[in-house]
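Reviewing the structure listed below.
In this chain, numbering begins with 1 at the start of the sequence shown. We use all heavy atoms of the structure for the numbers below, so side chains are in, but hydrogens, waters and symmetry mates are not. Both counts, for ligands and for their atoms, begin at 1 and track the order of listing.
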Amino acid sequence: MKSVVSNQREFFNTNITKSFSFRKKQLLALKSMLQSNEKEIYDALMKDLNKSKQEAFTTELGILYAEINHTLKHLKSWMENKQVSTPLTHTGTKSFIAYEPYGVTLIISPWNYPLQLALAPTIGAIAAGNTVIIKPSELTPATSSLLAMLIRNTFDPNYITVIEGDKYVVDKLINEQVDYIFFTGSSHVGKIIMKKASDYLTPLTLELGGKSPTIVDKDANIKLAAKRIAWGKFTNAGQTCVAPDYVYVHKKVKSAFMKALRKAIVSLYSKHPLQNHDYARIINLKHLNRLENLLENSGKIILGGNVDLNQLKIEPTILDEVNWEDPIMKEEIFGPVLPILTFTDLDEVIQIIKEKEKPLALYYFGSSKKKKKNLLESVSFGGGCMNDTLYHLANPHLPFGGVGQSGMGAYHGKYSFLTFSHQKSILKQSKKIDFPVRYPNSKIGFKLVKRLFK
Ligand code: NAD
């Protein structure tokens with residue numbers, strides 16, 4: 001670990017990584033690496049998570065291509081120094097912000113989107129002119145080892161490298177005092193990373209998880225809401241950080257919604273989802289057992305609930321008669337189980353959500369502008385959608401990140417560039433004039449300064 005970090009630091013200190021042409025070349029190399037190895041990537045994602053080609057493209061490769069293209073289009077202008085205004089007190093000066101790369105960056109990624117969540121931050125790190133060490137998840141060995149091999153064949157390891165392994169590798173890398181840490185994973189591990197980083201005051205971004213609420217109001221388009229919720233929840237078998245964790249449906253439309261939800265699930269995954277080759281599996285037996293345990297001890301199963309231990313699959317499952325005392329409401333579900341709660345007064349739901357940790361995402365289905373405005377103003381959460389689920393995260397113009405326990409900092413598009421850049425503030429003073437007002441021996445100056453600052 002020592003030599004990996006010190007070699008990257010040496011490489012960074014040559015300033016090679018900082019020119020626009022270098023950054024552009026590396027982004028193009030990354031894109032071509034992905035394009036030339038799509039088949040291998042599909043195979044690895046199938047092996048690790050039984051991801052279908054369609055899901056692998058829309059939620060992993062497609063997002064990466066869009067991020068690279070967007071970055072290539074705008075990078076030159078993002079890199080330019082940003083001139084800022086000059087207040088009266090600073091007459092004669094000029095000020096600007098320079099975007100400076102941090103240096104050696106460490107990207108720690110989880111298993112649920114093992115390619116996308118390792119490389120989307122890498123795009124930002126390259127764009128900002130850093131070197132990169134990627135520590136992918138040990139729970140997706142096929143994708144992580146493929147990623148290591150592809151990166152090794154594409155980039156100088158002193159510039160970008162992958163180090164496989166578990167938490168001990170992370171510990172050692174942080175102890176080598178990298179210049180920036182970008183962590184995606186659970187809130188629990190996020191706290192460990194932040195504590196460790198504080199030993200060196202290493203700046204960091206935390207992309208974490210939590211329970212993301214979904215609300216279906218009485219004036220929602222029920223059919224569309226059911227379809228979009230089913231898609232957002234059961235994509236990747238519910239193992240998505242921004243998946244709807246639970247649904248609050250208005251009492252008046254509950255039965256219509258439940259009917260539409262069953263229909264949507266059958267239409268998306270067939271009547272026998274366990275035999276559907278395109279339906280993702282649970283990452284490992286430990287997580288499957290955790291989900292089974294939640295299912296056994298919470299609410300009433302009204303659709304699905306069957307488990308295939310050999311394939312590590314759980315059917316898309318709807319749970320009714322759930323309350324906040326049930327174990328399933330005490331943790332992030334991160335699996336294909338959707339608890340349904342009922343409400344009559346939106347303000348009560350808002351109050352309940354506000355009493356919990358700030359969610360990573362929130363989704364509202366309804367038509368009233370007033371209610372949407374009230375909801376947005378009342379509840380703090382990372383980001384979300386009105387009348388959809390997940391879609392916000394694929395818009396590169398939007399910052400993606402959490403707040404409070406669901407994370408700190410954000411990325412995607414320009415926000416990735418900013419995340420991986422230190423904003424250096426520079427003031428250029430004139431040598432021609434030297435206003436006396438600031439000096440202690442000028443009585444008129446002091447009076448003037450007081451007036452100017454009032
Ligand atoms: P995790 O926190 O267990 O692991 C994430 C990474 O941290 C892995 O690379 C792992 O090796 C490493 N790690 C684990 N324990 C560690 C420790 N004690 N010290 C140092 N490093 C350690 O998360 P996971 O199970 O891989 O992923 C699921 C979680 O990630 C969910 O909570 C989900 O919501 C969250 N997530 C968040 C986002 C986001 O963008 N906000 C995206 C995907 C997943």
Note the single closest protein heavy atom to [atom], along with its residue, its atom name and the distance in Å.
atom: atom 23 (O) of ligand 1; result: Ser186 N, 3.5 Å
atom: atom 27 (O) of ligand 1; result: Pro110 CB, 3.3 Å
atom: atom 7 (O) of ligand 1; result: Phe183 CE1, 3.3 Å
atom: atom 25 (O) of ligand 1; result: Trp111 NE1, 2.9 Å
atom: atom 13 (N) of ligand 1; result: Val189 CG1, 3.8 Å
atom: atom 9 (O) of ligand 1; result: Ser109 O, 2.8 Å
atom: atom 34 (O) of ligand 1; result: Glu332 OE2, 2.6 Å
atom: atom 12 (C) of ligand 1; result: Ile108 CG2, 4.1 Å

So if I count the atoms of ligand 1 from 1 in the order they appear, which ones are less than 4.0 Å from some heavy atom of [X]?
X: Val170; result: 20 (C), 21 (N)
X: Phe334; result: 28 (C), 31 (C), 33 (C), 34 (O)
X: Leu360; result: 41 (N)
X: Ile193; result: 20 (C), 21 (N)
X: Ile192; result: 18 (N)
X: Gly209; result: 34 (O)

Side-chain donor-acceptor contact under 3.5 Å, [X] with [Y]:
X: Thr184; Y: Glu207; value: no
X: Thr205; Y: Tyr180; value: yes
X: Lys313; Y: Asn306; value: no
X: Thr240; Y: Tyr113; value: yes

Checking contacts here: is it the side chain or the backbone of [X] that comes within 4.0 Å of ligand 1, counting heavy atoms only? Could be both or neither.
X: Asp171; value: neither
X: Thr184; value: both
X: Asn112; value: side chain
X: Leu117; value: side chain
X: Leu139; value: neither

Considering both backbone and side-chain atoms of [X], is one of its nitrogen or oxygen atoms within less than 3.5 Å of a nitrogen or oxygen in ligand 1?
X: Glu138; answer: yes
X: Lys167; answer: no
X: Gly185; answer: yes

Task: Close aromatic pair by centroid cut-off 6.0 Å: Tyr102 and Phe420 - done: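 Tyr102 vs Phe420: aromatic centres not under 6.0 Å.
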
- [ ] Using heavy-atom distances, let me know which of Ser137, Gly402, Cys241, Ser406 sits nearest atom 39 (C) of ligand 1.
- [x]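 Shortest heavy-atom distance from atom 39 (C) of ligand 1: Cys241.
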
Taking the side chain as every heavy atom from C-beta outward, state whether [X] and [Y] have any atom pair closer than 4.5 Å.
X: Tyr246; Y: Tyr248; value: yes
X: Met329; Y: Lys211; value: yes
X: Leu119; Y: Ile134; value: yes

Open item on the list: When you measure from atom 30 (O) of ligand 1 to the protein, is at least one non-hydrogen atom found at a distance under 4.0 Å?
Closed with: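 Yes, at least one protein heavy atom sits under 4.0 Å from atom 30 (O) of ligand 1.
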
Do [X] and [Y] sit within salt-bridge range, that is, some charged N less than 4.0 Å from a carboxylate O?
X: Lys354; Y: Glu357; result: no
X: Lys172; Y: Glu176; result: no
X: Glu100; Y: Lys424; result: yes
X: Lys135; Y: Glu164; result: no
X: Glu60; Y: Lys51; result: yes
X: Lys254; Y: Asp320; result: yes

Open item on the list: Asn130 and side chain to side chain contact (heavy atoms under 4.5 Å, CB included): which single residue from Thr17, Val104, Thr105 fits?
Closed with: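 Checked Thr17, Val104, Thr105 against Asn130; only one passes side chain to side chain contact (heavy atoms under 4.5 Å, CB included): Thr105.
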
TODO: Using non-hydrogen atoms of the residue, decide whether Phe400 is closer than 4.0 angstrom to ligand 1.
DONE: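 Distance cut 4.0 Å: Phe400 passes for ligand 1.
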
